[in-house]
Amino acid sequence: MSQALYRKYRPRSLEEAVGQEHITKTLRYALKEGRLSHAYLLTGPKGVGKTSIARILAYAVNDVPYEDNASALDIIEIDAASNNGVEDIRDLREKVLLAPLKAKYKVYIIDEVHMLSTAAFNALLKTLEEPPAHVIFILATTEVHKLPATIVSRTQRFHFAPIEPAKMVELLKSIAAKEKVAIDDGALRLIADFSGGSGRDAVSLLDQITNSANGQPVTAELIRSVLGLPPQEMVESLLENLLDGQVQEVLSLYELLLAQGVTPTALINQLTRELRSKTPGDSSLYELIDQLIDVPRAYDSQLKLEVVLVTFAAKRSHGDKPSDEPPKPPSGHPVEEKKPTPSKKEAEKKATDKAEVPKVTPKSDAHKEMDEATWNEVMAAAKASSPTLYTVLKQAIPHFDNETYVLTLTYRYPLHQKRLEQARYQKMLTDLLAGVLGLAPRIEMILNRNAVRHIPEPDQIDVSAEKILSDQSTTSTVLGIMGGGETVDV
């Protein structure tokens, strides 16, 4: 059985610990100068190195090399989650009086110490107040607020911070290189973001993704497929329609995301992250974030999220938006009337409206042949003019017949096909095709659940309305894994 990566690459020295330099620097100095405390308290979120550094410190104070499978009789680890009674601590109090068998210090590592009972804390307090000179305690916890103040005050406390994304990426890249795993920077950043600052979670996720890839290069698209994460452009489109009060658009995009296997929790995480950057000056967005946070606790989170999104969009459509009107001056003090400065969103919308469809003068007696390059031009124009249309087109497998001049779009899911059958999007697509090709082909749509899409990478499509790339390459779409669901695009 192969060893899990998070265990294989667990730090074995203070120098190898990632993201906690403020702690390791202090501990190295204390070890060098021999200024050791009788009790240490390591606090912080899960997976950031508390237990690893506790073990490293336990071996370092005894000047013994640390290995992951090392066993030392004078270093005792206690899991407070399962040994939290007063009798367990009374037994500990009796054993601490015994001198170490071989080492200089007898070190007790008590993990998840907040799980001790009140009586157990009281029993431990007596030992912490008057510890034998040969004993060192290292307490670790994710919930320091549950510890009595009397316990905290008798320890030297170190708070572990979540690992910064940049340092997390460096750690993952180093492990991937040692394991000979081909993975791009976008995938590494996505793993770092999804791990929430937990090194253990990030390395475990890399392990899971590597196994799922079956020797193929790991991409952000594959990770989104495995984790059921929504495509970023669909989240942005959903948020845009939410803020504009487009109820039907919101509902349709939500259905598309569910059809792709996106879970309500994953969508909420993405939405709240985007909303937090837009909240200043709009209290209604804070209210929406508050409602989204409560969704996972609902009996039917999928339905609850739909209700929250549609209700918010409906309110916005009826004018529940931040006012752009300037404050009125006090009576008797007239001021020159000024036109309100357009908001950033209004300016972007105005610019998008002007560039809704790139204008190309149709040729009267000639037109371009349809191929992958011209299809990429159409996709770029769609992304510049309508995120919704672009999202729906990305789900299609195009087939070009230049003899009959017919464009066939094959879909795996009826939701995508039905969206494109709407007159609004039919006209928009026809105009885009005419603008790029010089003559719009006849469009036919087919439903095939076994179809496999081949699409260009997102960074190969220039979204600028002024410049549309004409030479594009395509990459194979990673097949849906973890249950065979449809893959999603980055």
Side-chain angles (χ1 to χ4, degrees), residues 45-47 142-143 190-191 193-198 201-202 204-205 208-209 212 220-279 282-317 320 387-388 391-392 395 412-416 418-419 480-490:
K46 65 182 180 68
T142 55
E143 302 184 52
L190 187 57
I191 293 176
D193 290 341
F194 190 80
S195 65
S198 170
D201 288 356
S204 296
L205 180 55
Q208 176 190 350
I209 297 295
S212 302
E221 180 181 358
L222 173 60
I223 295 174
R224 287 184 179 277
S225 176
V226 172
L227 300 178
L229 299 178
Q232 182 62 26
E233 67 274 4
M234 288 190 71
V235 174
E236 292 174 356
S237 181
L238 177 61
L239 187 56
E240 179 182 347
N241 284 288
L242 263 176
L243 300 179
D244 286 343
Q246 301 295 327
V247 177
Q248 289 301 321
E249 292 289 326
V250 167
L251 192 56
S252 297
L253 281 169
Y254 182 57
E255 291 173 350
L256 281 174
L257 287 164
L258 293 179
Q260 293 179 355
V262 176
T263 64
T265 300
L267 180 55
I268 288 168
N269 290 338
Q270 291 282 90
L271 282 174
T272 51
R273 186 179 294 118
E274 294 292 330
L275 282 167
R276 286 188 65 187
S277 65
K278 301 177 182 294
T279 48
D282 190 348
S283 60
S284 65
L285 297 189
Y286 283 108
E287 295 174 6
L288 176 58
I289 291 175
D290 185 54
Q291 293 172 357
L292 291 173
I293 292 172
D294 289 335
V295 168
R297 292 192 287 267
Y299 175 75
D300 187 339
S301 59
Q302 181 174 311
L303 179 59
K304 177 65 175 178
L305 179 56
E306 180 180 326
V307 171
V308 169
L309 295 177
V310 171
T311 302
F312 181 84
K315 287 182 179 179
R316 301 285 286 201
S317 68
D320 185 13
T388 302
T391 300
V392 175
Q395 311 306 317
R412 293 184 64 192
Y413 292 93
L415 278 173
H416 305 144
K418 289 179 180 178
R419 170 54 65 90
I481 57 179
M482 301 287 285
E486 184 188 12
T487 57
V488 294
D489 304 299
V490 182

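What's counted below: heavy atoms across the whole structure, side chains too, no hydrogens, waters or symmetry copies.
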Checklist outcome for this item: When rounded to the nearest 0.5 Å, the distance separating CG of Leu190 from OG of Ser195 is 10.0 Å
Item to check | Nearest non-hydrogen partners of Thr142 and Pro45, listed with the distance | outcome: CG2-C, 4.2 Å
Item to check | Heavy-atom pair of closest approach, residues Pro230 and Arg224 | outcome: O-NH1, 2.7 Å
Checklist entry - Going by heavy atoms in the side chains, are Leu275 and Leu292 under 4.5 Å from each other? => result yes
Checklist outcome for this item: In this structure, OG1 of Thr263 is separated from CG of Leu257 (nearest 0.5 Å) by 10.5 Å
Next on the checklist: Is any side-chain heavy atom of Leu258 closer than 4.5 Å to one of Leu267?
Outcome noted: no
Checklist entry - Do side-chain atoms of Gln270 reach the backbone of Ala266 as a donor and acceptor pair under 3.5 angstrom? => result no
Item to check | Side-chain heavy atoms of Pro264 within contact of Lys304, under 4.5 Å | outcome: no
Next on the checklist: Looking at every heavy atom in both Thr311 and Val307, which two are closest together, and how far apart are they?
Outcome noted: OG1-O, 2.6 Å
Checklist entry - Looking at CE of Met234 and OG1 of Thr391, how far apart are the two atoms once the value is rounded to the nearest 0.5 Å? => result 5.0 Å
Checklist entry - Heavy-atom distance under 4.5 Å between the side chains of Leu253 and Ser237, does that happen here? => result yes
Next on the checklist: Quick check for you: to the nearest 0.5 Å, what is the distance between Leu229 atom CG and Phe194 atom CZ?
Outcome noted: 5.5 Å
Item to check | Backbone of Tyr286 reached by a side-chain donor or acceptor of Asp290 within 3.5 Å | outcome: no
Item to check | Pairwise distance CG(Asp244) to CD(Glu249) - rounded to 0.5 angstrom | outcome: 10.0 Å
Next on the checklist: Has Arg316 got a side-chain atom pairing as donor or acceptor with Leu243's backbone, closer than 3.5 angstrom?
Outcome noted: yes
Checklist entry - Does any N or O in the side chain of Ser204 come within less than 3.5 Å of the main-chain N or O of Asp201, such that one atom is a donor and the other an acceptor? => result no
Checklist outcome for this item: Shortest non-hydrogen pair, Glu306 vs Tyr254, comes out as CB-CE2, 3.5 Å
